[in-house]
Each structure stands twice: as C-alpha cells, then as structure tokens.
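The first residue in the sequence is number 1, and the count goes up from there. All values below come from the heavy atoms of this structure, side chains included, with hydrogens, waters and symmetry mates left out.
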Amino acid sequence: MKLNTLLAALIGAIAINGVVAGDCYAPTSGKCPVECSPDAKGHISIGYDSDYILYGVRHLRDNVWADVNYTFDGLPVPVTVGARQITGLGSTADNNWDESDLYASVELPSFFGFTSTIGYIHRFYPNLRGPSGTNNAATLGDSRGELWFQLDRELFCGVNAFYRRAYDRNMPSALSPLHGNTEDNGAWVHTLGLEKSFCITDNIGLDLSGGVLYSDNYWPATITQRFDNTLDHDRSSGWNSYYIRAALPIALGCKATLTPYVRYNGSPDSWLADGVDLLPTNGNNANDIFSGGVSVTVDF
C-alpha cells in the first residue's frame, strides 16, 4: 500500500536523523515549567475548549471537560488508566450532548531510540445518538472503541517526532462519524507530527506542536448529507486534515499547572475533512477552524 510505504520511509528518516544529529546548544529548550513533583503518578484536569475536534471534524462548540488518570509503574511495564467527561454548553440540540470516555495505555520497551505506547479508548454517548447505529440510524446510548499505537523519537534540539496509528472498530465507512452501519470493518486514522517545548521563565513554558492526518475507510459528511444520504467525496481514503497548536503551561505552585492554548485546524480543498461540520449552526466550515481553550492540571 502506498501509505504504508510512505510511513516506513518517514519512520526510517526519523531514525537516521536521530542518529546523525549533533550536539544542540539551545539554552531555551527543555520542558517548562520544571516539574517539582516528578514522582506524581496521578493527574486531575479540568478545562474549557471552544471547539472539540476529532479526526479533523468539529463535534462540539463550547464545552467543558474533566479528566483523571493514574499510572501504575510497579508493574513490568507502566500502565495508565483514566476517565474523561466532555459536556457541551450549547443551547441547541446538536451542541449540548455529552461524551464519556474510559481509556488505558501501556508503555512498551524502547527500541533503536524509539519509545512506543499502545492503548485503548472507549467513547460513550449517554444522551445523544452515537456513531455506531445500524442502517444509517444511530440510537441513544451508542458507544465506540478505538485501539491505537504510537511511536515517539527525539530528533534534535528537543524536537520530538511521533507517529500514531488508530483503529476505530465502530467507525462506519458510510456517513461517519455519527451515522453508519456497524457491519463495516472500521476505519484507520494515521497522524504524523512534531512537538517542541521551550522555557520562557522558570515557571512558564511554551509548547509547540503540529501534525497531519491520513484516513482509511473514513467518510466525513455534513449533517445535511447524513440526512439525505449523500457524500462530499467519492473516496474514503486520503489526506484528512492538519493542525498547528501552541500552549503556554504556567506553574501554579508545585503541583498545579494552568495551560491556555490556541489551535488551527485546516483541510485544503479535496481533503476528506474539507467543509465538514457536524453542527448545522456552524455553517460547514470545518476546513478552517481557529480554536482555543484553557485547563488546570493537579498532580497527586
């Protein structure tokens, strides 16, 4: 498959780059704020997002969320388990639903300078139609599961490259993400990205990241198209979207961090997520989303 060949070449280039990179004199690089509780195994976070974007498609406008997770590092490999709740703040029926997530991940042994992680997340939709109904008609209380694998490698000057491959077993190859036939065999979403952290002061950092998504067996459609059974694209595989994100973590004492962020999500003409927006009040402009939010994380 052309995509697998491309990804193999990119991963090979990352490995070679990591080997040949020389010393980097970058006094402003590194993780900030400096962690003063490196032994913390649990994290509680609450936050607000102006837009909830998943796989290049906007699912919610204004929303609040809470997340708690804990890492068991006394096992042969570290295991993290957690739960997340997302609640829409909109007043319209399409923008006031909830998503409840349960997830777990396992950090695998490193090899050739790569770190690897495998995980699973299950998304529940307790008060709105979910994405896994039958005959293109979802039902109340639907849920979906996603298995993912990620490779990370530091390249140079603290720049981290990652590749993430996710398989959504309930994602239909029809009018996804909220309608479809559960007899379909799911969809793959590939993400390739870069991350870099800088120190601004002792308690303020700057995190920059960006990436591009490629999808297989994935048919994003507008809400109007889902109701009249039409599609924007004549294919289910191709480049999905790209994103650029900047965050400003600010230490609030020793165990708490305040993090405001901004993000741009783009999908050029002919890409799979071009013009897709599940919310009819949003004007189907998901190929050009500028969003932001803020969160507070407490370590324990």
*Do you reckon Leu151 sits in the same ILVMFWY cluster as Ile118, going by side-chain contacts under 4.5 Å, direct or chained?*
yes
*Does a side-chain heavy-atom distance below 4.5 Å link Phe290 with Val262?*
yes
_What's the separation between atom OG1 in Thr80 and atom NZ in Lys41, rounded to the nearest 0.5 Å?_
11.5 Å
*Does Leu252 share a hydrophobic cluster with Val294, counting links as ILVMFWY side-chain heavy atoms below 4.5 Å and allowing steps through other members?*
yes
*Please check if the side chain of Thr87 supplies one atom and the backbone of Asp98 the other of a donor-acceptor pair under 3.5 Å.*
no
_Residues forming a side-chain hydrogen bond (donor to acceptor under 3.5 Å, both in side chains) with Asp101, sequence neighbours excluded_ = none
*Can Asn160 and Glu195 be said to form a side-chain hydrogen bond (donor to acceptor under 3.5 Å, both in side chains), step by step?*
CA-CA 5 Å; Asn160 180 68; Glu195 303 169 323; 3.0 Å; yes
*Heavy-atom distance under 4.5 Å between the side chains of Val64 and Leu89, does that happen here?*
yes
*Hey, are the side chains of Val298 and His43 touching, using non-hydrogen atoms and a 4.5 Å cut-off?*
no
*Output yes when a side-chain donor or acceptor of Ser110 lies under 3.5 Å from a complementary backbone atom of Gly113, and no otherwise.*
no
*Out of curiosity, does Leu102 fall in the hydrophobic cluster containing Ile121 (side-chain heavy atoms, cut-off under 4.5 Å, transitive links)?*
no
*asked:* Cation-pi check for Phe149 against Arg165: NZ or CZ below 6.0 Å from the six-membered ring centre and within 45 degrees of the axis, yes or no?
replied: no
*For the side chain of Arg164 and the backbone of Gly193, is there at least one donor-acceptor N/O pair under 3.5 Å apart?*
no
*side-chain hydrogen bond (donor to acceptor under 3.5 Å, both in side chains) between Thr71 and Asp73, intermediate numbers included*: CA-CA 6 Å; Thr71 299; Asp73 58 4; over 6 Å; no
*Check whether any side-chain heavy atom of Thr297 lies under 4.5 Å from a side-chain heavy atom of Asp299, and answer yes or no.*
yes
*Any chain of hydrophobic side-chain contacts (each under 4.5 Å) joining Val77 to Tyr103?*
no
*Backbone N/O of Ser241 and side chain of Ser267: donor-acceptor pair under 3.5 Å*: no
*Do Leu194 and Ile244 belong together in a cluster built from hydrophobic side chains that touch within less than 4.5 Å?*
no
_Nearest 0.5 angstrom please: Thr115 OG1 to Asp152 CG, how far?_
4.0 Å
*When the ring planes of Tyr264 and Tyr242 are compared, do they come out parallel, tilted or perpendicular, using 30° and 60° as the limits?*
tilted
_Point-to-point distance, once rounded to the nearest 0.5 Å, from CD of Gln150 to CD of Glu107_ = 11.0 Å
_Does any part of the side chain of Ile53, heavy atoms only, come nearer than 4.5 Å to the side chain of Ser291, both counted from C-beta?_
yes
*With rounding to the nearest 0.5 Å, note down the distance linking CG in Asn203 to CD1 in Ile250.*
8.0 Å
*asked:* Please evaluate residues Ser100 and Gln85 with respect to the criterion side-chain hydrogen bond (donor to acceptor under 3.5 Å, both in side chains), reporting the C-alpha separation (whole Å), side-chain torsions for both, the decisive distance (0.1 Å), and the verdict.
replied: CA-CA 5 Å; Ser100 304; Gln85 174 70 27; 2.5 Å; yes
*Heavy-atom check, side chain of Tyr52 versus side chain of Glu99, under 4.5 Å*: yes
*Can you label the angle between the His122 ring and the Tyr120 ring as parallel, tilted or perpendicular, going by 30° and 60°?*
tilted
*Report yes or no: is the cationic atom of Arg263 (NZ for Lys, CZ for Arg) under 6.0 Å from the centre of the six-membered ring of Tyr243, at an angle within 45° of the ring normal?*
yes
*asked:* Over 60° means perpendicular and under 30° means parallel, so tell me whether His190 and Tyr163 are parallel, tilted or perpendicular.
replied: parallel
*Got a second to check how far Leu248's CG is from Thr257's OG1, nearest 0.5 Å?*
11.5 Å
*Just wondering, do Phe111 and Ser116 contact through their side chains at under 4.5 Å, heavy atoms?*
yes
*Quick one: does Ser105's side chain get under 4.5 Å of Val79's, heavy atoms only?*
no
*Please determine if Arg245 forms a cation-pi arrangement with Tyr261, meaning its NZ or CZ atom is less than 6.0 Å from the six-membered ring centre and no more than 45° off the ring axis.*
yes
_Audit row: Ser197, Asp207, side-chain hydrogen bond (donor to acceptor under 3.5 Å, both in side chains) steps and yes/no_ = CA-CA 4 Å; Ser197 295; Asp207 296 339; 2.8 Å; yes
_Expected output: side-chain Asn63 to main-chain Arg61 donor-acceptor under 3.5 Å_ = yes
